[in-house]
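Input: a single structure, listed below in structure tokens.
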There are 2 protein chains.
Amino acid sequence: MTADRVETGDQPGGPPPRARGSVMRDVARLAGVSHQTVSRVLNDHPNVRPETRDRVLAAMRALNYRRNSAARTLVTRKSRTLGLIAYETTLFGPASTLYGLEQAARSAGYFVSVASVRSLDRESVLDAVDRLCEQSVEGIVAIAPQSSVGTALAQVPTGLAVVGVGGGGEHVPTVCIDNATGAAMATRHLLALGHTTVQHIAGPPDWPEARDRIDGWREALHSAGAPVPAPRPGNWSARAGYEQGRLLAADPTVTAVFCGNDQIALGALRALHEAGRRVPDEVSVVGFDDVPESGYFLPPLTTVRQDFAELGRRSLDLLIEQLESGIRTDRRVSLTPRFVPRASSGAAPT
Amino acid sequence: MTADRVETGDQPGGPPPRARGSVMRDVARLAGVSHQTVSRVLNDHPNVRPETRDRVLAAMRALNYRRNSAARTLVTRKSRTLGLIAYETTLFGPASTLYGLEQAARSAGYFVSVASVRSLDRESVLDAVDRLCEQSVEGIVAIAPQSSVGTALAQVPTGLAVVGVGGGGEHVPTVCIDNATGAAMATRHLLALGHTTVQHIAGPPDWPEARDRIDGWREALHSAGAPVPAPRPGNWSARAGYEQGRLLAADPTVTAVFCGNDQIALGALRALHEAGRRVPDEVSVVGFDDVPESGYFLPPLTTVRQDFAELGRRSLDLLIEQLESGIRTDRRVSLTPRFVPRASSGAAPT
DNA sequence: CCTGTCATGGTTACCGTTCACACGCGTGGC
DNA sequence: GCCACGCGTGTGAACGGTAACCATGACAGG
């Protein structure tokens, strides 16, 4: 009955949309085999005669069969779906990571289901985890690298693989950029240009990334014997960079500023410009991230590049590693960022 | 057997992670009812005595039961999952739309599964559709507003709701920003400032958004009786803005530039700056999008704001409307953008 | 007292896969 | 000639829900 719904018309006017609702039995009937054989073909089992396989494949094509993943999930208890907890995905970094992850997941044969959270309190995160669990995801990647998330994630049902992206969790496998090293690169670059010290406008204090960058900056200053000013508190926005930048611009001893990210740097750049302090002649500015626009700031921004897409790919690797081994590691993968010199940093004024 | 896996320990050291694997039967057994009654409670059916309902709820809590959505999907043939075809999600616009959509979907009780595509050729889009179909999504939202996508989407299986976001498709319900109006706003603003005409650095020609903005710009010039120069071809990047900006900067008659988006404007700003043409004194620049950083460009960018999150929400509305009515509309929802004047535009030089 | 209706809850079939197992058949070793 | 074995294939039972249908008891109306 259902089988004759074939009619994948080659008639003009465009083929009709593929028919919903052909199932294994239909394919089996058309190919003259049992549903089990169809299943075998589908799952690349050995012990199917090539000729039979071809017949089945032809039938599948004719009926435009696609397998019902719900049924499959039900019996195998594997959904081939990954959950993604996303925070602030409108930012370039998280958005890119999401992209990298999805691409990687796709080629590994996984689907990705997202749950964005509006805030990172325990409540929201646990709620997101719940939603994902209900879809019986096999693993969860959290692009939400706040410390609080780490602890929330540790609570996730056993048998569920978890990976954090970014500075995050204590007891959760994590993949992150080596923020401290990146920050140190930027700082050393500025010191090498003759600046006696480097100011830092930091990201939000509850982001481990921000803290690690502070650490790297501080350490670089310290080991060069340079004075260590207090880091300026901020968040990831241009506005924060602007506000802190105004304060820094008013201080004539300031000649070098390392910013927690490129947006902050943009704000700082504007503040310096408004205060009449030329960049890089009077003040050098370095950012972090290397967003696509930073090469077009005024002046083009010296920064530290993170490979966000790679971050996504690696987090998938880590997840799959757990899925396959069945054990929850607490490995930490760290990616080294790359320093990108441009025009916003220069020799210290004499 | 399974029921005594309760032990959702209140013991110190943190409760053990919720137990996987309690199913309806377990709950039913514990509550002393049949699994059907549990189902009724779960689905808010009437005709369950309050006392029974409470017993069931208590049992569910005790066992930390969560229903298996695969089983549910299998029998109801409704997955409560939406598919999202995403393109260039690292850009601010698409990323924000994704966010808006996900939030809306969540509160409407839907899950969101994403399929990002690397390119928008028919092949890739159809492949993404396939992947989503396999997950038996109930509807698809395509944040991938190229013309080609529209036609590909029209091919989607019947019985599957589809919505395009952005300029896109012919025969597909669409929600978009009124790009022509936005472009006209920007253009009229510049004309009102006394500029004799307005140049336009456009987005990629295969994006309907870009075309609509060209149309709006052209129409505004035309109806004001201003000369209509050829639009400069570009893409959405700062680089394109920079390259076209250099050409424009070399032409002393150019006093006003309307850019296809804020990134382009950023590039143009830099090109003008390098050429020594002051903004806004000598040349006015207007962007489109109002990305969070544009208020911190040098100078702060006059632009046109799109409410991307609203775009996401509306596309969900449209999808749900189709899902509930069961008919595929080809309604087109158009959102009016908002003009945001800042410092990059000013009176024409005399 | 019989019947109809309503509230409540149980029975059972079914959704579309996969898995465990059985089956028939050719082949090779003894 | 018998048995074991591998190959290719079919059969039936899960998986965990929901929906349609049935059973029971209480209660009202005739």
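In the text below, chain A, chain B and the rest are named by the order of the sequence lines, each starting its count at 1. Since the model is a prediction, treat every value here as computed from it, not as a measurement.
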> Between B:Asn43 and D:dT18, does any side-chain N or O lie under 4.0 Å from OP1 or OP2?
Replying inline: yes
>> For a 4.5 angstrom cut-off between non-hydrogen side-chain atoms, does B:Leu316 reach B:Leu82?
In response: yes
>> Protein within reach of the bases, or only the backbone? For nucleotides 5-10 of chain D, mark each nucleotide 5' to 3' as B, S or -, using heavy atoms under 4.0 Å.
In response: ---BBB
>> Exactly one of A:Val137, A:Val141, A:Leu98, A:Leu84 should register a side-chain contact (heavy atoms from CB on, under 4.5 Å) with A:Val112. Which one does?
In response: A:Leu84
> Taking atom P of D:dG17 as reference, at what distance in whole Å does atom CZ of B:Arg80 sit?
Replying inline: 17 Å
> Given D:dT18, D:dG17, C:dT17, which nucleotide is nearest the side-chain atoms of B:Asn68?
Replying inline: D:dG17
> Cut-off 3.5 Å, side chains only: do A:Asp121 and A:Ser124 have a donor facing an acceptor?
Replying inline: yes
> Rounded to whole angstrom units, what separation is found between the CZ atom of A:Arg66 and the P atom of C:dG16?
Replying inline: 15 Å
> Within less than 4.0 Å of OP1 or OP2 of D:dG17, is there a side-chain N or O belonging to B:Arg25?
Replying inline: no
> Atom CG of B:Leu74 and atom P of D:dT18: how far apart are they, to the nearest Å?
Replying inline: 11 Å
>> One thing to verify: whether A:Glu102 and A:Arg106 come together as a salt bridge, which I'm taking to mean a side-chain N less than 4.0 angstrom from a carboxylate O.
In response: no
> Does C:dT18 have OP1 or OP2 sitting under 4.0 Å from an N or O in the side chain of A:Arg72?
Replying inline: yes
>> I'd like to check A:Pro173 versus A:Gln322 (side-chain heavy atoms, cut-off strictly below 4.5 Å). Are they in contact?
In response: yes
> What's the CZ-P distance between A:Arg29 and D:dT11, to the nearest Å?
Replying inline: 13 Å
> Nearest-Å distance, CG (A:Asp44) to P (C:dT18)?
Replying inline: 12 Å
>> Using whole Å, what does the distance between atom P of nucleotide C:dT17 and atom CD of B:Glu134 come to?
In response: 10 Å
> Do A:Arg61 and A:Asp54 sit within salt-bridge range, that is, some charged N less than 4.0 Å from a carboxylate O?
Replying inline: no
>> OP1 or OP2 of D:dT18 versus the side-chain N and O atoms of B:Arg77: is any pair under 4.0 Å?
In response: no
> A:Met24 has an atom CE; how far is it from atom C1' of D:dT11, in whole Å?
Replying inline: 14 Å
> Can we say A:Arg131 and A:Glu134 salt-bridge, meaning some charged N sits less than 4.0 Å from an Asp/Glu carboxylate O?
Replying inline: no
> Which listed nucleotide (D:dG17, C:dG16, D:dT18) is nearest to the side chain of A:Val75?
Replying inline: C:dG16
> C:dA7 P sits how many Å from B:His45 NE2, rounded?
Replying inline: 15 Å
